[in-house]
Q: 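Mind having a look at this structure? Questions to follow.
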Amino acid sequence: MRSQGNLSSATPQWRSGMLDLVFLALGSGGFALLGAYAMLCDRL
Amino acid sequence: MTLIGWLQIALVLGAVVAGAWPLGNYMARVFQGEKTWLSAVLRPVERVFYSAAGIRAEKEQSWLSYALAMLVFNGAGFLLLYGLMRLQAMMPLNPRGFASVTPDLAFNTAISFVTNTNWQAYGGETTMSHLVQMAGLTVQNFLSAATGISFALAVTRAFARSSAQTLGNFWVDMTRATLYVLLPLSLVVAIAFALTGVPQTLAGSVEVTTLEGTKQAIALGPVASQEAIKQLGTNGGGFFNVNAAHPFENPNTWSNMLSIWSMLLVSTALTFTFGHMVGDRRQGMALLAAMYVLLVAATGVVYWAETSANPLLARAGVDITAGNMEGKEIRFGQALSALYVAATTGLSCGAVNTMHDSLMPLGGLAPLLLMQLGEILPGGVGSGLYGMIVVALLTVFIAGLMVGRTPEYLGKKIEAREMKLAMLALLFLPLAILGFSAAAAMLPFALESRANLGPHGLSEILYAYSSAVGNNGSAFAGLNANTPWYNITLGIAMLLGRFAYVVPVMAIAGAVAAKKKVPASSGTFPTDGALFVGLLISVILILGGLQFFPALALGPIVEHFLMHASKTF
């Protein structure tokens with residue numbers, strides 16, 4: 001069964017926007033790091 | 001356990017192998033560019049895609065280009081899916097008027113679906129609009145499955161070719177996996193699900209009057225189509241919160257058997273594809289044998305544990321002849337519930353028709369261990385095959401060490417570089433699972449999410465990270481995972497579990513492809529016989545045991561003994 005937790009309550013729009021930037025950066029950064037990891041593996 | 005129960009299990013598994021054999025051969029022809037019965041219709045469509053995207057289908061890629069193309073593609077998929085969920089409230093096809101998904105949950109869900117995990121820290125029918133379900137999540141169900149299949153093909157070509165610098169074209173493999181395999185299969189299976197009674201509608205809900213005379217809105221939607229690719233692509237993300245336990249996702253025994261069959265089909269078929277493409281079908285069958293021996297053994301453990309039931313309830317005078325029925329659906333029975341539990345965690349599917357948090361301690365140990373063994377039994381579409389090949393390389397290496405010969409697999413010498421990369425891949429899993437679990441087991445705000453104290457609480461945490469790193473997506477759903485800590489750490493775990501594993505595997509494929517094939521000699525260890533299968537199974541169990549036995553001893557194993565000592569939490 002999927003976990004059903006408490007959904008976050010409404011946040012101010014500016015904070016929501018900041019969080020979007022943080023998570024988009026986290027995800028994109030993760031993919032970028034993986035690309036760097038691939039290039040590192042090429043040198044092994 | 002009953003004979004009828006085992007016959008049901010044998011029937012479903014037999015049907016899987018019977019369907020997988022022709023599918024495997026068909027996929028081999030598709031990915032080798034040969035003409036198939038769908039070519040007349042789909043080749044022109046394929047050419048349109050290549051033309052529109054500026055892809056030259058005949059131009060192949062090195063392992064690095066292939067891997068980078070995959071990362072760019074999936075990165076873009078993450079960004080699009082995140083945006084879709086965050087803007088949900090302003091988009092059409094939202095008949096129940098759901099608000100936009102919160103940033104941490106959107107991050108977790110986007111990573112989850114892009115990595116084929118489909119971990120859902122939310123209830124689908126109360127959170128996601130039809131547009132997000134269809135254009136976001138279901139699309140990623142196809143694309144993530146196609147990504148896995150593409151990688152498996154690249155690794156297969158590495159062994160099939162000699163002195164090669166390229167492994168295929170990622171865009172071509174993705175397109176063919178989607179057009180020739182996943183879409184046609186999904187169409188057929190979706191119709192089959194609809195025929196068993198699974199709803200397929202764009203209506204938001206149906207209002208009914210309950211027995212008490214009040215009104216209740218029962219969620220509806222395009223369930224059959226989502227169900228088909230959910231199972232075929234070993235995605236696991238259900239339309240409804242309780243997944244395949246819901247009577248709309250899985251109304252009866254026929255839909256249940258179809259659900260298990262479709263979940264196992266493509267992963268099993270890929271072993272036949274592997275054998276076909278390397279020119280020796282017995283090689284694929286050896287891998288399949290190892291997968292299914294362990295899968296059936298795990299099914300047996302779950303079946304035995306659940307039919308043995310809880311001795312504390314027996315002492316309290318409760319009738320336990322049906323076994324442990326907590327969290328189970330009576331319409332499915334113990335046997336096919338046990339098979340579903342083992343199959344969904346042996347694959348990296350994660351769909352559930354039984355609540356895993358309600359399993360007996362040893363019944364819960366089996367799915368936990370199956371995920372920790374690397375999701376290779378038979379594993380997710382594509383990821384199971386290449387994961388099993390990595391363990392096969394380790395096996396021939398160990399065999400070579402024992403007799404003092406250079407290890408070889410399918411005519412390719414396995415040398416230091418390949419083993420270093422294999423270790424990078426294999427050791428990453430326990431590092432991520434145990435590292436994250438240890439952190440969550442110490443931090444107070446992470447511990448608050450548990451539904452149970454004591455060893456079962458540890459099992460909930462361990463299961464969550466095992467599921468995320470293994471890209472499974474099922475849960476001991478007592479754990480409240482919709483918190484910033486779990487949304488972020490599980491998201492990172494899923495991302496690394498999928499792509500940090502596959503990158504060194506692709507590097508292995510590149511190295512192996514470049515080697516010259518050497519003919520087998522009298523000293524070559526045969527990798528298509530019972531001895532190899534037995535050694536492969538031993539390596540899988542020893543590797544898993546060494547890595548995870550201490551954690552399992554503190555979780556489900558001690559819980560089992562405490563239960564028998566009448567200690568509850």
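Note: hydrogens, waters and symmetry copies are ignored here, and every other heavy atom, side chains too, is used. Note on naming: letters A, B, ... go to the chains in the order of the sequence lines (proteins, then strands), and numbering restarts at 1 for each one.
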Q: Which bit of B:L71 is near chain A, if near means a heavy-atom gap under 4.5 Å: side chain, backbone, both or neither?
A: both
Q: So for B:F78, is it side chain, backbone, both, or neither that comes closer than 4.5 Å to the heavy atoms of chain A?
A: side chain
Q: Report which part of B:V101 has an atom under 4.5 Å of a heavy atom belonging to chain A: side chain, backbone, both, or neither.
A: neither
Q: Could you give the side-chain donor-acceptor pairs of residues 25-44 of chain A under 3.5 Å, partners two or more places apart or in another chain?
A:
{"from": "A:S28", "atom 1": "OG", "to": "A:L24", "atom 2": "O", "distance (Å)": "2.6"}
{"from": "A:D42", "atom 1": "OD1", "to": "B:W63", "atom 2": "NE1", "distance (Å)": "3.4"}

Q: Please determine whether the number of non-hydrogen atoms from other residues, nucleotides or ligands lying under 6.0 Å from atom CE of A:M18 exceeds 12.
A: no
Q: Find the one option among B:A500, B:A67, B:A99 whose heavy-atom pairs under 4.5 Å with chain A are most numerous.
A: B:A500
Q: Which region of B:N74, side chain (C-beta onward) or backbone (N, CA, C, O), has a non-hydrogen atom less than 4.5 Å from a non-hydrogen atom of chain A, or is it both or neither?
A: both
Q: Which residues pass the ring pair (Phe, Tyr, Trp, His ring centres under 6.0 Å) test with A:F23, sequence neighbours left out?
A: B:F107
